[in-house]
Structure formats: C-alpha cells, structure tokens
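Some notes on the structure that comes next.
Letters A, B, ... are given to chains in the order of the sequence lines, protein chains preceding strands, and every chain is numbered from 1.
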Number of protein chains: 2
Amino acid sequence: MSEEPKPRRRQARGERRIAQLLQAAANVFCANGYTASSTNAIAREAHVSPGTLYQYFPNKEAIAIELGERLLHQMREAHGQAFTPENLALPLPGLLDAVVDPLIEFNCANPAFLALMHGSEVPGRIAEEHDELHATLLTRVQEVIAHYAPTLPAEDRLRTAGMTFAAFKGGLDLVLAAPEGAERDATIAELKTLLLRYLSPLVEPPVTESPSVQSPSVERPVTTTPSR
Amino acid sequence: MSEEPKPRRRQARGERRIAQLLQAAANVFCANGYTASSTNAIAREAHVSPGTLYQYFPNKEAIAIELGERLLHQMREAHGQAFTPENLALPLPGLLDAVVDPLIEFNCANPAFLALMHGSEVPGRIAEEHDELHATLLTRVQEVIAHYAPTLPAEDRLRTAGMTFAAFKGGLDLVLAAPEGAERDATIAELKTLLLRYLSPLVEPPVTESPSVQSPSVERPVTTTPSR
DNA sequence: GGCAAACACGAGTGATCACTCGCGTTTCTC
DNA sequence: GAGAAACGCGAGTGATCACTCGTGTTTGCC
C-alpha cells in the first residue's frame, strides 16, 4: 500500500558508494555482458567487499536495473534536446546534425548503454523500459518525417521511420567500432550521408510563392558539418 | 604431429544424434544466449541425457563452435551464390535483389546464426571466424562498389562499403523483428530502397558512345521487385 | 562523550553448472 | 553368435556464483 516501506536514510558516503558501484558495474557489464558478470567481480572492480555491494542492492538484477534507469534517463535528456521545435525548422542536413550528433555522443560516452539494452540476456525489466524508449524515439522520427513530408501516407511514414532508425542503429555500431578521431568523424559523416540520401527524396518543398525551384541536393556527395 | 589422433568411427545413429543435439543447441542458444544456456538444458531439449551429449562434444564451447562452423559454411554458400559475376552485370536494383534476398532468407531460416555471432559472450573461436566472414563480405561489397563506381577513391569505397554493410545489418534486425508475411516483405523492400538511394548517386554510367544521357533515377521512390 | 544507525567486511552457504564415471544396451564385424 | 566398440544413461563431483551473517568501524545527533 505505502510507496516506501524502507525510509533508509543514506549518508553522503552511501551515495558515493552507489555511484562507485554503478560505475564499476557499467565497466564489468560492458566487458563481459550481464550474465557472465559476477557480483563479486563488480565488487572487486569497485574495490569493495561483496557484503558492501549487497548493502546497497538487493540482488544482481537490481544493479542492472538501477544502472539501466540512470542511463535511460540521461538518454531521454539527450534525445529531448535533439528533437526541439527549432531544430525542426532547419533544413534536413541541419536537422540530421542536430539529432544524430547528441545520440552518437551519448553512446560513445556510455558504451554500457548498448551493452545493457541490446542483449537478450538482460532482466525483463530493462527490456521493457528499452522498448518504451524505442517506441518514443520511433514516434519522434515519425513526427519529423511528417513535418518534412506532410502528404506521405501514415503507413509509409511508419515504415520509413522504422528503417531510418534501424539504419541509424547499424551505423551507430560502425561508429562505435571505429577508433576515436578522424576515422570516427568520417564514419559519422558517412552515416549522415546515408540518412540524408534515404530521406531526401521524401521531403516536399515548403509551399512558397516560387513554385519552380526544387533541387533535392542529392547529386553531390553531401557533407554535413562533422560536429565540433 | 599426427593430425587426427582420434579416428573414432561414427555410426549413422551417432551422426543423427549430433544433428539432433546441434538443432537443440541452436534453439536454446537462440532463446537464452550462449552463456545463459546450460548443457543440461541442451540435452533436455534434445531428449537425451547429459552423458550422451558429452559423448559427442568435449565441452560446451565445442557445441557452439561446431554449430557456428556449420552455420558459417551455409552462410558462405548463400553469399557465394549471391555475388556471382552475372549478378554484377545487372543494374543496381537487380543486384540488390540478388544479394539481399539470399542473405535475408538465410538469417530468417537460421536465427541462431545472429544470436551466436552477435554476442560478446561467445567463445573467442567463433568471434574470429565471424570476423573472417565479415571481412570477406566487406571485400565483396567493395568489389561491387568498385564495379559500379570505378573512379571512386579507395578510401571512400571502403567507407561506403562499411556503411552499406552496417545499414544492411540494421535493416536485417528490423526484418527479423517483423512478423512473417506481407509486413516482412514490405520491410525488405524498404531496406532495398534505402540501399538503392544510398548507392545510386555513386554509380557512374557505363562508358558508351552517347555521353549526354545520365539520369541517376533517384527522384522517384524506387521500388525494387518484392522478391518472389 | 555516548548512543543508534549507517557503513564495511569477508568467510560461509546453498544452488547451479560443466563435466565424469561406471554400467547397461545396441550395432557392427567376422 | 560372440566379441568389440559405439551408444546411452543419470547419479555424482568439484567449482563457481549469488547472496547472507556475525562482527567491527564510522558517522550523525543530543
């Protein structure tokens, strides 16, 4: 009935330990996957005894869930600022920069995120929340497509959004596999090119007074700004 | 020194058991991932005792390796017939059909393949062989691109091939997630559209006597034949 | 300074897993 | 049909893992 039957008062030290443990868990999960990671290994990575770990988490799954929720929250922030209305006013290449860069940035900075979300071995709870995020992102992409191609039938829009997102995920893996630096930047630019070429034929020119101008800008190998 | 210190004579019954065990292993690996699958569970799935399983495989890893090698072999056959020289003579949409369809077919029929190749939890041996296949496929894609765009610098060609393959993998996941039937077919067609729009701007018209004709056919939302 | 609660420890516990072993059954070979 | 070898079984074994518990230390509060 009551929401919090355990009003355990945490000290500052405790909060620090939790953060420390979650960081260690992220490293270990990232290296070995969820199932193959032992709680003792996480405790060792955090320079802490197994008993201490279980003072803050009731079981192994809870560690993954807490870590997953924190990452998911950061992810939501990242994509929240990516899909702002003013970005929608941008031409397609600009929008791609505005949307793709933060998402890539986040996944580069938090490799544990994909490791935790992608496996079929993760506890069900994480999978559910990941599905929610997935659905949210898909909706956003659909909205963007609807904005650029208002006359596209809803069915086509859904299919296009799904494929756009799937291609992005594939490209994201490639970006993460590339070594940081120039090569990674080039891969990111290439991913944007892919998305631009895929979506360009769909955009309908905004209704203006001049009905003749119309150049989908797809002949040149488009280079969007390489971020930073 | 000798190559085969164990010339164990297998009876027909034994070969059948092996196939049965590998099929069971494919199901279990596919459902739970490699690490979380127990050898006892595989034996149970095959309606066989744990002892019998270990009559044919020295350890758990050997099961995954044998299964992986058989799938890899089938995969090589599938992509071998996909990249034939006569397919290279086809226009780009035709080539996409010829290459994409068999690969998708294979992965639909053998979901264990991706489950075994994708995880970071698999025994090192599998990962190595998968990397080899990956490199082979990448080379093939590069050759195809070189055929369609002979003047493209090698560096660009490599990047394009990598992104093409990455996008295909992303799209493949989407296809596998779609329910079989019309929806899956539509997803496959959309994947081909994506690849076509990405690659079309690169193709250079074959050198003929008429130097003026040149229409990259990218304005219309291209529909490749939906296979079968 | 003294008390209670939060923090920290690490050896210990029960469950599970990969793998073995001894023995009985089927199949092949002559 | 008899001997050998492949096949088949399932209880058992040692290792590892998630998790606990008794005890000692640090911190917040009066």
Starting from the C-alpha separation in whole Å, work towards a yes-or-no answer on side-chain contact (heavy atoms from CB on, under 4.5 Å) for B:Q81 and B:N87. CA-CA 9 Å; B:Q81 73 186 39; B:N87 284 340; over 6 Å; no
Kindly determine whether B:R125 and B:E129 satisfy side-chain contact (heavy atoms from CB on, under 4.5 Å), including the steps that lead there. CA-CA 6 Å; B:R125 180 71 186 287; B:E129 303 215 5; 3.2 Å; yes
Pair B:N110, B:Q74 - check side-chain contact (heavy atoms from CB on, under 4.5 Å), show working. CA-CA 10 Å; B:N110 303 86; B:Q74 288 179 244; 4.2 Å; yes
Under the criterion side-chain contact (heavy atoms from CB on, under 4.5 Å), I'd like the reasoning laid out for A:L172 against A:L114: C-alpha separation, chi angles, the key distance, then a yes or no. CA-CA 10 Å; A:L172 178 60; A:L114 276 185; 3.9 Å; yes
Extract from the structure each pairing of a protein N or O with an N or O of nucleotides 10-14 of chain C at less than 3.5 Å, listing the distance.
from, atom 1, to, atom 2, distance (Å)
C:dG10, N7, A:S49, OG, 3.3

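Although no hydrogens or angles enter the test, the distance criterion places a donor-acceptor pair under 3.5 Å between the side chain of B:R184 and the main chain of B:A178. A donor-acceptor pair under 3.5 Å is absent between the side-chain atoms of A:K169 and the main chain of B:K169, judged by distance alone.
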In dot-bracket notation, what is the pairing pattern of DNA chain D, taking Watson-Crick (N1-N3 plus N6-O4 or O6-N4) and G-U wobble (N1-O2 and O6-N3) contacts under 3.5 Å, with [ ] crossing and | for other strands? ||||||||||||||||||||||||||||||
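Between C:dC9, C:dA18, C:dT27, one nucleotide has an atom nearer to the side chain of B:R13 than all others, and that is C:dT27. Proximity note for B:R9 (side chain, C-beta onward) versus D:dC19, C:dC7, D:dA6: the nearest is D:dA6. Each of D:dG8, D:dA6, C:dA18 was ranked by its minimum atom distance to the side chain of B:R17; first place goes to D:dG8.
With sequence neighbours excluded, the residues forming a side-chain contact (heavy atoms from CB on, under 4.5 Å) with B:L133 are B:L72, B:M75, B:R76, B:H79, B:F113, B:L137, listed by chain and number. With sequence neighbours excluded, the residues satisfying side-chain contact (heavy atoms from CB on, under 4.5 Å) with A:P102 are A:A82.
Annotation: side chain of A:P111 is not in contact with side chain of A:L176 (no heavy-atom distance under 4.5 Å). Using a 4.5 Å heavy-atom threshold, the side chains of B:Q142 and B:L158 count as touching.
The residue B:T35 sits apart from the nucleic acid: no heavy atom pair falls under 4.0 Å.
Between the CZ atom of A:R16 and the C1' atom of C:dA8 there is a distance of 14 Å, rounded to whole Å. The distance between atom CZ of B:R44 and atom P of D:dG10, rounded to the nearest whole Å, is 13 Å. Between the C1' atom of D:dG10 and the CD1 atom of B:I42 lies a distance of 18 Å, rounded to the nearest Å. Atom P of nucleotide C:dC7 and atom CG of A:L53 are separated by 14 Å, given to the nearest angstrom. Going from atom CG of A:L21 over to atom C1' of C:dC9 covers 14 Å, rounded to whole Å. Distance, B:H47 NE2 to D:dC9 P: 12 Å, rounded to whole Å.
The side chain of A:R10 contributes an N or O atom lying less than 4.0 Å from OP1 or OP2 of C:dC7. Contact annotation: A:Y54 side-chain N/O to D:dC19 OP1/OP2 distance is under 4.0 Å.
Of the residues in residues 55-63 of chain B, those lying under 4.0 Å from DNA chain D by heavy-atom distance are B:Q55, B:Y56.
Along DNA chain C, the nucleotide nearest to B:Y34 and the one nearest to A:A12 differ in position, and the one closer to the 5' end is contacted by A:A12.
Listed by first and then second residue, the ring-ring contact (aromatic ring centres under 6.0 Å, His included) pairs that reach into residues 27-54 of chain B are B:F29-B:Y34, sequence neighbours excluded.
The aromatic rings of B:F165 and B:F168 lie parallel to each other, with less than 30° between the two planes, well short of the 60° mark.
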